[in-house]
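The next block holds one structure in the form of structure tokens; read it before the comments.
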Amino acid sequence: MAAARGIERVLAKCEECIGSGNFYEAHQMIRTLYFRYNSQQKYAEAIDLLYRGALTLLNHNQYGSGADLSLLLVDTLEKSSTPVTQETIEKLAQLFEKMDPDCPERPVFVSRAIKWTTNIDQSHTRGHPNLHQKLGVIFWQENNYPAARYHYIHSEDGEGCASMLLAYHTARGYPSEVDLFITQAVLQYLCLKNKTTASSCFKAYTTKHPAIKAGPPYVLPLLNFIWFLLVAVESGKIAVFTILCEKYQISLERDPAYKESTAQECLLGHNTSRRT
């Protein structure tokens, strides 16, 4: 209770400082109390203080100070081995969203936050998919499609990724690239051994995109290749995979990267066996 009152008291003083335009003093008061909690290993209190303080400063466009407290928050999460929960992911995403896109600390914050999730939950070696999903949504809202795509590919939100890819293609792509956008995404999902999300992304994209006629079979050969590829991955038949690459060689030559992405290890990663 005493710690909670201390946080409320400091935050109230910060609001007063902010109201009078003294942002530096507000920032330093929060840091002072944080270091006190940290030295006493009162990590839960420190995390609450840093989150609320950072949010307050960011809401007043104090991006440097808010980012500084946000980085201290991630540092405390790491030091205390705080479990990865949806609530904490939501808080980190909220702070990230409030930061100015050009804030130099922003990419550092993202990198540290992802690293924290991998250290705590080692089943996700590239970062927790829920955090990636939140980041994907934020980057999409900012029209930063390359970054949004990267994070969606490391999430488990296939339908959300499909909607983002549709918007990405509509905003930045050529009509002739309608099949390329989903092909690249599906192949990357498969290389990350995430066939479930690959399938849901493909189904949602081909269903929602107004330029794609219902299938399968599809009018565009590359879409048929991906559909057959997903079936091959599910069945684990390497012979089918080889035949597909031969059958759709011309379509695959549209992008040299496809040959690497559809290498057999992409299938072997899904516990496939050499049977016909």
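Reckoned from all heavy atoms, side chains included, excluding hydrogens, waters and symmetry mates. Heads up: numbering here begins at 1 and tracks the sequence.
Nearest approach of Gly160 to Trp140, heavy atoms of both residues: O-CZ3, 4.1 Å. When every heavy atom of Ser65 is checked against every heavy atom of Leu57, the shortest pair comes out as CB-CD1, 3.8 Å. Closest approach of Val74 to Ala113, counting heavy atoms only: CG1-N, 3.9 Å. The two atoms that bring Thr117 and Ile114 nearest to each other are OG1-O, 2.6 Å, heavy atoms only. Heavy atoms only, all atoms of each residue included: Trp116 and Pro83 are closest at CZ2-O, 3.7 Å. Considering every non-hydrogen atom in both Gly66 and Ala54, the closest pair reads O-CB, 3.6 Å.
Partner Ile226 forms a side chain to side chain contact (heavy atoms under 4.5 Å, CB included) with one of Leu230, Asn224, Leu223 and no other, that one being Leu230. The only member of Gln122, Arg126, His128 that meets side chain to side chain contact (heavy atoms under 4.5 Å, CB included) when paired with His124 is His128.
Remark: Tyr150 pairs with His154 by the ring-ring contact (aromatic ring centres under 6.0 Å, His included) rule, at least two apart or across chains.
Put simply, the side chain of Thr197 does not reach to within 4.5 Å of the side chain of Asp157, judged on heavy atoms. Between Ser80 and Ile47 the shortest side-chain heavy-atom distance falls below 4.5 Å. Within the 4.5 Å cutoff, the side chain of Thr118 has no heavy atoms near those of the Thr125 side chain. By the 4.5 Å heavy-atom criterion applied to side chains, Gln133 and His151 are not counted as neighbours. Proximity of Leu131 to Pro129: side-chain heavy atoms (C-beta onward) are nowhere separated by under 4.5 Å. At least one side-chain heavy atom of Lys79 sits under 4.5 Å from a side-chain heavy atom of Asn38. Taking the side chain as every heavy atom from C-beta outward, Arg149 and Gln184 approach each other to under 4.5 Å. Side-chain contact between Leu72 and Arg31 is present, with heavy atoms from C-beta onward closer than 4.5 Å.
Here the straight-line distance linking atom SG of Cys17 with atom NE2 of His60 works out to 11.5 Å at 0.5 Å rounding. Separating the CD atom in Glu156 from the OG1 atom in Thr196 is a distance of 8.5 Å, to the nearest 0.5 Å. Taking CG from Leu69 and CG from Asp75, the interatomic distance works out to 12.0 Å, rounded to the nearest 0.5 Å. Atom CD in Glu97 sits 13.0 Å away from atom CG in Leu92 (nearest 0.5 Å). To the nearest 0.5 angstrom, Leu58 atom CG is 8.0 Å from Cys103 atom SG. Here the OH atom belonging to Tyr51 is positioned 10.5 Å from the OG1 atom belonging to Thr88, to the nearest 0.5 angstrom.
One hydrophobic cluster, built from ILVMFWY side chains closer than 4.5 Å, holds both Leu50 and Val108. Linking ILVMFWY residues whenever their side-chain heavy atoms come closer than 4.5 Å, directly or via other members, places Val231 and Val186 in the same cluster. In terms of hydrophobic clustering, with Ile, Leu, Val, Met, Phe, Trp and Tyr side chains grouped at heavy-atom distances under 4.5 Å, Ile30 and Tyr24 are assigned to different clusters.
Arg112 and Glu78 are joined by a salt bridge, as a carboxylate oxygen and a charged side-chain nitrogen come within less than 4.0 angstrom of each other. At a threshold of 4.0 Å, the pair Arg52-Glu8 counts as salt-bridged, since one of the basic side-chain nitrogens sits closer than that to a carboxylate oxygen.
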message: Run the side-chain contact (heavy atoms from CB on, under 4.5 Å) test on Tyr43 and Asp48 for me, step by step, so that the C-alpha distance in whole Å, both residues' side-chain angles and the decisive distance to 0.1 Å come before the verdict.
response: CA-CA 9 Å; Tyr43 296 125; Asp48 183 39; over 6 Å; no
task: Using the side-chain hydrogen bond (donor to acceptor under 3.5 Å, both in side chains) rule, take Tyr63 and Glu105 through it: C-alpha gap first, then chi angles, then the decisive distance, then the call.
output: CA-CA 9 Å; Tyr63 299 118; Glu105 294 87 356; over 6 Å; no
- prompt: Under the salt bridge (charged side-chain N to carboxylate O under 4.0 Å, His left out) criterion, do Glu142 and Arg106 qualify, and how do the steps go?
  reply: CA-CA 14 Å; Glu142 296 173 354; Arg106 205 184 195 215; 2.6 Å; yes
- request: Kindly indicate, with the supporting measurements, whether the criterion side-chain contact (heavy atoms from CB on, under 4.5 Å) is fulfilled by Tyr189 and Lys195.
  value: CA-CA 6 Å; Tyr189 274 129; Lys195 62 183 180 182; over 6 Å; no
message: Please evaluate residues Val84 and Ile89 with respect to the criterion side-chain contact (heavy atoms from CB on, under 4.5 Å), reporting the C-alpha separation (whole Å), side-chain torsions for both, the decisive distance (0.1 Å), and the verdict.
response: CA-CA 7 Å; Val84 179; Ile89 286 175; 3.8 Å; yes
message: side-chain contact (heavy atoms from CB on, under 4.5 Å) for Arg172 and Asn143? Distances and angles first, verdict last.
response: CA-CA 10 Å; Arg172 308 282 175 82; Asn143 295 322; 4.2 Å; yes
task: Walk me through it: do Tyr152 and His132 pass the test ring-ring contact (aromatic ring centres under 6.0 Å, His included)?
output: CA-CA 6 Å; Tyr152 265 113; His132 279 297; over 10 Å; no
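The number of heavy atoms from other shown groups lying within 6.0 Å of CZ (Phe35) is above 12. Around atom CD of Gln141, more than 12 heavy atoms belonging to other residues, nucleotides or ligands sit under 6.0 Å away. Heavy-atom contacts from other residues, nucleotides or ligands closer than 6.0 Å to CD of Glu159 number 12 or fewer. The local environment of NZ in Lys91 is crowded, with over 12 non-hydrogen atoms from other residues, nucleotides or ligands closer than 6.0 Å.
Between Tyr168 and Phe181, the ring planes lie perpendicular to each other; the angle is over 60°, past the 30° to 60° tilted range.
Geometrically, Lys42 does not engage Tyr37 in a cation-pi contact defined by less than 6.0 Å to the ring centre and at most 45° from the axis.
For the residue pair Gln86 / Asn130, a side-chain donor-acceptor distance below 3.5 Å is found, with atom types taken as modelled. For Ser20 and Asn22, the side-chain atoms include no donor-acceptor pair closer than 3.5 Å.
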Return a table of donor-acceptor pairs under 3.5 angstrom between the side chains of residues 201-208 and protein atoms on other chains or two or more places apart.
{"from": "Tyr205", "atom 1": "OH", "to": "Val178", "atom 2": "O", "distance (Å)": "2.7"}
{"from": "Thr206", "atom 1": "OG1", "to": "Phe202", "atom 2": "O", "distance (Å)": "2.8"}
{"from": "Thr206", "atom 1": "OG1", "to": "Lys203", "atom 2": "O", "distance (Å)": "3.2"}
{"from": "Thr207", "atom 1": "OG1", "to": "Lys203", "atom 2": "O", "distance (Å)": "2.6"}
{"from": "Lys208", "atom 1": "NZ", "to": "Ser163", "atom 2": "OG", "distance (Å)": "3.0"}

